[in-house]
J.: 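My questions all concern the structure below.
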Amino acid sequence: MNKTTRSLTLSALLTALTVITLYIASVLPSGRMAMVALSSIFVAAAIIESGIRAGIFVYAASALLGLLILPYIGFSLMYILLFGYYPVVKSLIERKAPMVLQWILKLCIFNAALTVAWFFLRELIFAFGEDPPGAALLYIGGSVVFVVFDYGFTKVIWLYINRISKYMKKGK
């Protein structure tokens with residue numbers, strides 16, 4: 001199988017797995033946010049196996065399919081606004097920038113995305129569109145949770161590279 005065919009096939013498979021994971025998030029009674037966060041690992045796998053362009057393709061295709069076929073649009077929006085693009089951003093930032101700059105950039109991007117998500121999802125979360133008391137704490141708490149997520153996501157990527165990717169490369 002040539003490289004282009006392999007990349008396209010793998011990207012389509014990873015897109016399908018992402019949409020399935022997002023669907024599971026929409027029907028589970030609990031752990032929904034974790035499933036949406038987990039769905040971003042398939043974008044990271046596309047980047048590891050086929051490059052940034054494949055990761056962008058998986059993100060864009062799964063975002064579009066999620067909007068079209070998932071029963072609850074809120075999880076698609078969380079994926080689009082918070083989790084889906086993050087492996088691409090993480091990969092680009094961690095290639096060149098020193099560690100301190102990496103964290104500054106990641107936190108700035110997260111807080112910008114949180115702001116956009118807040119405006120899109122606020123009406124879904126709060127019935128009357130009013131901000132709850134202490135909404136500013138959302139940014140502090142969200143940043144702490146984001147740092148934990150990034151650390152865990154890095155470990156999951158490491159696990160993928162060291163345990164799964166080597167089997168993917170054998171098929172080349």
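The structure presented is a predicted model; accordingly, all values stated were derived computationally and were not measured. Values below: all heavy atoms of this structure, side chains included; hydrogens, waters and symmetry mates excluded.
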J.: Within the 4.5 Å heavy-atom criterion, are E49 and S165 side-chain neighbours or not?
T.: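 Yes, their side chains come closer than 4.5 Å.
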J.: Which value, rounded to the nearest 0.5 Å, describes the distance between L22 atom CG and M78 atom CE?
T.: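 If I round to the nearest 0.5 Å, the distance is 9.0 Å.
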J.: Does S40 use its side chain to pair, donor to acceptor, with the backbone of A37 at less than 3.5 Å?
T.: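 Checked: pair present.
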J.: Is there side-chain contact between L101 and K96, with heavy atoms separated by less than 4.5 Å?
T.: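 When only atoms from C-beta onward are counted, K96 and L101 do not touch, as no gap falls below 4.5 Å.
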J.: Between S50 and K3, is a side-chain hydrogen bond (donor to acceptor under 3.5 Å, both in side chains) present by the stated rule, with each step listed?
T.: CA-CA 9 Å; S50 300; K3 186 176 179 181; over 6 Å; no
J.: Is the shortest side-chain heavy-atom distance between I24 and R32 below 4.5 Å?
T.: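 In short, these two side chains do not touch, never coming nearer than 4.5 Å.
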J.: Mind listing the closest non-hydrogen atom pair of S76 and L70 along with its distance?
T.: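 That would be OG-CD1, 3.1 Å.
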J.: For a quick test of reading the model, state the closest non-hydrogen atom pair linking S11 to V58 and the distance between them.
T.: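 The answer is O-CG2, 3.5 Å.
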J.: Decide whether W103 and L105 are clustered together by the hydrophobic rule: side chain heavy atoms of Ile, Leu, Val, Met, Phe, Trp, Tyr closer than 4.5 Å, transitively.
T.: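 Same cluster.
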J.: Would you call V148 and V145 a side-chain contact if the rule is heavy atoms closer than 4.5 Å?
T.: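 No, too far: nothing below the 4.5 Å cut-off.
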J.: Please walk me through it: do Y79 and S39 pass side-chain hydrogen bond (donor to acceptor under 3.5 Å, both in side chains)?
T.: CA-CA 8 Å; Y79 174 76; S39 66; 5.5 Å; no
J.: Would you kindly confirm whether F110 and L92 end up in one hydrophobic cluster when ILVMFWY residues are joined by side chain heavy atoms under 4.5 Å apart?
T.: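 The answer is yes; both residues are in one hydrophobic cluster.
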J.: Can you tell me how far apart OH (Y139) and CG (L107) are? Round to the nearest 0.5 Å.
T.: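 So the gap between those two atoms works out to 13.5 Å.
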J.: Considering residues, nucleotides and ligands other than F146, do more than 12 of their heavy atoms fall under 6.0 Å from its CZ?
T.: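 Atom CZ in F146 is crowded, with more than 12 foreign heavy atoms closer than 6.0 Å.
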J.: Is any side-chain heavy atom of L8 less than 4.5 Å from a side-chain heavy atom of T4?
T.: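 The answer is no, as the side chains (C-beta and beyond) never meet within the 4.5 Å cut-off.
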J.: About how many Å separate CD1 of I161 and CD1 of I48, when rounded to the nearest 0.5 Å?
T.: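 Here the interatomic distance stands at 4.0 Å.
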J.: With rounding to the nearest 0.5 Å, note down the distance linking OG1 in T15 to CG in L10.
T.: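 Rounded to the nearest 0.5 Å, the OG1-CG separation comes out at 9.0 Å.
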J.: Side-chain heavy atoms under 4.5 angstrom apart, residues restricted to Ile, Leu, Val, Met, Phe, Trp, Tyr: same cluster for I73 and V19?
T.: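 Each belongs to a different hydrophobic cluster.
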J.: Between G84 and P87, which heavy-atom pair has the shortest distance, and what is it?
T.: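 Smallest interatomic distance, heavy atoms only, reads O-CD, 3.3 Å.
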J.: Using every non-hydrogen atom in the two residues, find where L114 and L138 come nearest and quote the distance to one decimal.
T.: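 Closest approach of L114 to L138: CD2-O, 4.0 Å.
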J.: Within the structure provided, determine whether V147 and K106 are in side-chain contact (heavy-atom separation under 4.5 Å).
T.: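 In short, these two side chains do not touch, never coming nearer than 4.5 Å.
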J.: Tell me whether I104 is reachable from F153 by hopping between hydrophobic residues (I, L, V, M, F, W, Y) whose side-chain heavy atoms are closer than 4.5 Å.
T.: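 No.
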J.: When V43 is tested against each of Y59, Y85, F57 for side chain to side chain contact (heavy atoms under 4.5 Å, CB included), which residue passes?
T.: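 Filter result, single survivor: Y59.
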J.: Can you tell me how far the OH atom of Y86 sits from the CG atom of D150, to the nearest 0.5 Å?
T.: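 Nearest 0.5 Å value for the OH-CG distance: 3.0 Å.
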J.: I want to check something: taking the side chain as every heavy atom from C-beta on, are T21 and I41 in contact at a cut-off of under 4.5 Å?
T.: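 No; the side chains remain at least 4.5 Å from each other.
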J.: Starting from I47, can I reach I164 by hopping between I/L/V/M/F/W/Y residues whose side chains sit under 4.5 Å apart?
T.: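 As far as the 4.5 Å side-chain criterion goes, I47 and I164 are connected within one cluster.
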J.: Can you tell if the side chain of M35 reaches within under 4.5 Å of the side chain of L38, non-hydrogen atoms only?
T.: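 A side-chain contact under 4.5 Å exists here.
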J.: Going through the distances and angles, do L82 and V36 end up as a side chain to side chain contact (heavy atoms under 4.5 Å, CB included)?
T.: CA-CA 9 Å; L82 295 174; V36 175; over 6 Å; no
J.: Roughly how far, to the nearest 0.5 Å, is the OG1 atom of T18 from the CZ atom of F83?
T.: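 OG1 of T18 is found 13.5 Å from CZ of F83.
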